[in-house]
Amino acid sequence: MNIMDFNVKKLAADAGTFLSRAVQFTEEKLGQAEKTELDAHLENLLSKAECTKIWTEKIMKQTEVLLQPNPNARIEEFVYEKLDRKAPSRINNPELLGQYMIDAGTEFGPGTAYGNALIKCGETQKRIGTADRELIQTSALNFLTPLRNFIEGDYKTIAKERKLLQNKRLDLDAAKTRLKKAKAAETKSSSEQELRITQSEFDRQAEITRLLLEGISSTHAHHLRCLNDFVEAQMTYYAQCYQYMLDLQKQLGSFPSNYLSNNNQTSGTPVPYALSNAIGPSAQASTGSLVITCPSNLNDLKESSSNRKARVLYDYDAANSTELSLLADEVITVFSVVGMDSDWLMGERGNQKGKVPITYLELLN
């Protein structure tokens with residue numbers, strides 16, 4: 001029974017306090033009551049904390065979008081995180097593209113120029129996918145987690161203490177208002193005592209809030225270190241991707257010239273990729289008038305009908321059924337045919353035969 005009486009009295013006291021704060025807040029908004037202003041330093045700290053919270057949330061959310069563009073995947077990861085369970089590992093986009101390329105290259109034939117190139121590109125894409133996965137894991141651990149800990153931990157504590165400070169201020173100002181309205185000596189004495197208590201509680205809460213808010217500077221310093229970790233993770237990722245693509249470019253050797261003819265550009269002598277870089281874009285714009293000098297031994301071969309062995313300098317994909325696809329460093333048999341264009345020879349590899357561009361060949365002794 002005593003416990004019930006205590007609970008009822010506490011409930012009544014809490015209701016009275018809540019009503020008193022509501023009245024004070026309403027009168028302040030209507031300009032009918034005075035409001036105790038916080039000191040400038042505390043106001044500045046509160047503003048700095050709110051600014052930090054807003055921008056931390058924006059940076060965190062956009063970083064998540066950068067690392068995982070798929071919104072459904074982000075929601076799934078969020079749910080698993082809240083359930084404190086590890087999300088299932090799924091193949092990412094570069095890895096999926098790489099697997100498709102490898103499968104396609106295998107079906108087209110690893111011995112063909114296109115099939116071989118697809119397999120090489122697929123393997124590189126899968127390596128990029130692995131690097132992408134490592135970037136996400138490192139960034140989540142060293143950058144996103146500290147930002148999220150601030151939003152869900154430190155700032156929630158600051159917001160709680162800030163709200164408590166607001167309530168203590170309302171109690172203080174309500175006590176000031178009651179003291180002003182008190183007329184009887186007994187009522188005035190009681191109001192003065194209430195004012196001293198509320199002033200003490202307000203000052204104590206203001207000090208607690210100030211100490212918490214001054215920790216924002218330490219938060220900025222910690223987030224700066226996390227930002228450096230994020231930049232290093234990105235730098236490592238892009239350096240890996242660059243090296244992977246550089247290695248792939250060396251493996252491919254050159255881009256097939258028939259890509260140019262497929263874009264409705266002037267047909268003529270196929271220009272190897274390495275040579276096109278040396279020529280420069282201004283000269284490539286007028287490939288119709290470009291004259292490439294052939295080695296003298298190739299010219300000698302064109303004037304005879306004998307067969308010779310030649311090493312292929314660059315990969316080449318046949319533009320049509322009359323041409324022969326080539327792989328860099330392979331050795332084929334070449335010979336001249338009467339009436340054939342001066343920039344081409346007839347190439348032979350086993351039972352395969354077709355035209356080959358002379359600029360892709362080096363005659364062997």
Side-chain angles (χ1 to χ4, degrees), residues 52 54-78 80-81 86-105 113-151 219-256 259 272-281 284 314-315 328:
T52 301
I54 291 172
W55 284 110
T56 299
E57 281 184 330
K58 289 183 177 181
I59 292 171
M60 183 177 70
K61 289 178 180 178
Q62 194 56 41
T63 303
E64 290 173 343
V65 172
L66 173 69
L67 297 176
Q68 178 50 271
N70 187 338
N72 294 328
R74 290 201 303 275
I75 292 173
E76 182 184 56
E77 290 170 0
F78 175 79
Y80 274 101
E81 182 181 342
K86 185 178 180 181
S89 179
R90 283 187 170 81
I91 189 169
N92 57 30
N93 290 331
E95 289 172 334
L96 185 59
L97 173 61
Q99 191 59 54
Y100 285 165
M101 286 182 166
I102 291 172
D103 292 344
Y114 185 42
N116 183 270
L118 276 173
I119 292 173
K120 290 176 180 176
C121 289
E123 291 169 348
T124 299
Q125 288 296 331
K126 294 187 81 170
R127 283 195 288 269
I128 290 175
T130 301
D132 189 62
R133 196 182 298 277
E134 291 172 356
L135 171 66
I136 292 174
Q137 292 173 349
T138 304
S139 300
L141 179 65
N142 296 336
F143 187 59
L144 288 178
T145 298
L147 298 188
R148 189 176 293 109
N149 288 343
F150 168 73
I151 296 296
T219 298
H220 284 191
H222 177 52
H223 287 181
L224 174 59
R225 291 192 294 272
C226 296
L227 181 62
N228 284 331
D229 291 341
F230 179 53
V231 170
E232 285 186 14
Q234 283 187 304
M235 183 179 68
T236 300
Y237 168 73
Y238 290 119
Q240 284 178 322
C241 291
Y242 173 75
Q243 188 60 50
Y244 293 154
M245 298 311 294
L246 199 63
D247 293 341
L248 176 62
Q249 187 185 45
K250 290 178 181 177
Q251 290 177 36
L252 294 179
S254 66
F255 293 107
Y259 289 171
Y273 177 67
L275 183 57
S276 66
N277 283 345
I279 295 170
Q284 289 183 55
Y314 313 99
D315 288 353

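The line from CD of Glu134 to OG of Ser139 is 11.0 Å long, rounded to the nearest 0.5 Å. Between the CG atom of Leu248 and the CD atom of Gln243 there is a distance of 11.5 Å, given to the nearest 0.5 Å. To the nearest 0.5 Å, atoms CG (Leu147) and OG1 (Thr52) are separated by 11.5 Å. One distance of note links CD of Glu57 with CE of Met60; it measures 6.0 Å at 0.5 Å rounding. To the nearest 0.5 Å, the span separating CD1 on Ile102 from CG on Leu97 amounts to 10.0 Å. Here the straight-line distance linking atom CG of Asn116 with atom CD of Gln251 works out to 8.5 Å at 0.5 Å rounding.
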**Request:** Under the side-chain contact (heavy atoms from CB on, under 4.5 Å) rule, what do Thr56 and Ile151 come out as? Steps first, then yes or no, please.
**Result:** CA-CA 8 Å; Thr56 299; Ile151 296 296; 4.0 Å; yes
**Request:** List the steps, then state whether side-chain contact (heavy atoms from CB on, under 4.5 Å) holds for Phe230 with Thr63.
**Result:** CA-CA 10 Å; Phe230 179 53; Thr63 303; 4.0 Å; yes
**Prompt:** Is there a side-chain contact (heavy atoms from CB on, under 4.5 Å) between Asp247 and Arg127 once you walk through the steps?
**Reply:** CA-CA 12 Å; Asp247 293 341; Arg127 283 195 288 269; 5.7 Å; no
**Message:** As a quick check of understanding, evaluate side-chain contact (heavy atoms from CB on, under 4.5 Å) for Gln249 and Leu246, giving each step before the final call.
**Reply:** CA-CA 5 Å; Gln249 187 185 45; Leu246 199 63; 4.1 Å; yes
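Side-chain contact annotation: Asp103 with Gln99, donor-acceptor N/O pair under 3.5 Å present.
The two atoms that bring Gln125 and Met101 nearest to each other are CG-SD, 4.1 Å, heavy atoms only. Of all non-hydrogen atoms in Gly129 and Asn92, the two that sit nearest each other are O-ND2, 2.9 Å. Contact detail for Leu118 and Ala104: the closest heavy-atom pair is CD1-CB, 4.0 Å. Nearest heavy atom pair, residue Pro146 against residue His222, reads CB-NE2, 3.8 Å. Asp315 and Ala328 make their closest contact through OD1-N, 2.6 Å (heavy atoms, listed as atom of the first residue, atom of the second, distance). The two residues Leu144 and Glu64 come nearest to each other via the heavy atoms CD1-CG, 3.8 Å.
A 6.0 Å sphere centred on CG of Asn149 holds more than 12 heavy atoms belonging to other residues, nucleotides or ligands.
Residues forming a ring pair (Phe, Tyr, Trp, His ring centres under 6.0 Å) with Phe150 (at least two apart in sequence, or on another chain): His223. Contacts of Tyr244 classified as ring pair (Phe, Tyr, Trp, His ring centres under 6.0 Å), with partners at least two apart in sequence or in another chain: none.
Judged by distance alone, the side chain of Thr145 and the main-chain N or O of Ala140 form a donor-acceptor pair under 3.5 Å. A donor-acceptor pair under 3.5 Å is absent between the side-chain atoms of Asn142 and the main chain of Cys226, judged by distance alone.
Evaluated for a side chain to side chain contact (heavy atoms under 4.5 Å, CB included) with Val65, the options Lys61, Gln68, Gln62 yield exactly one hit, Gln62. Considering Met245, Glu95, Gln240 as possible partners of Ile128, the one that fulfils the side chain to side chain contact (heavy atoms under 4.5 Å, CB included) test is Met245.
The closest side-chain heavy-atom distance from Leu141 to Gln137 is not below 4.5 Å.
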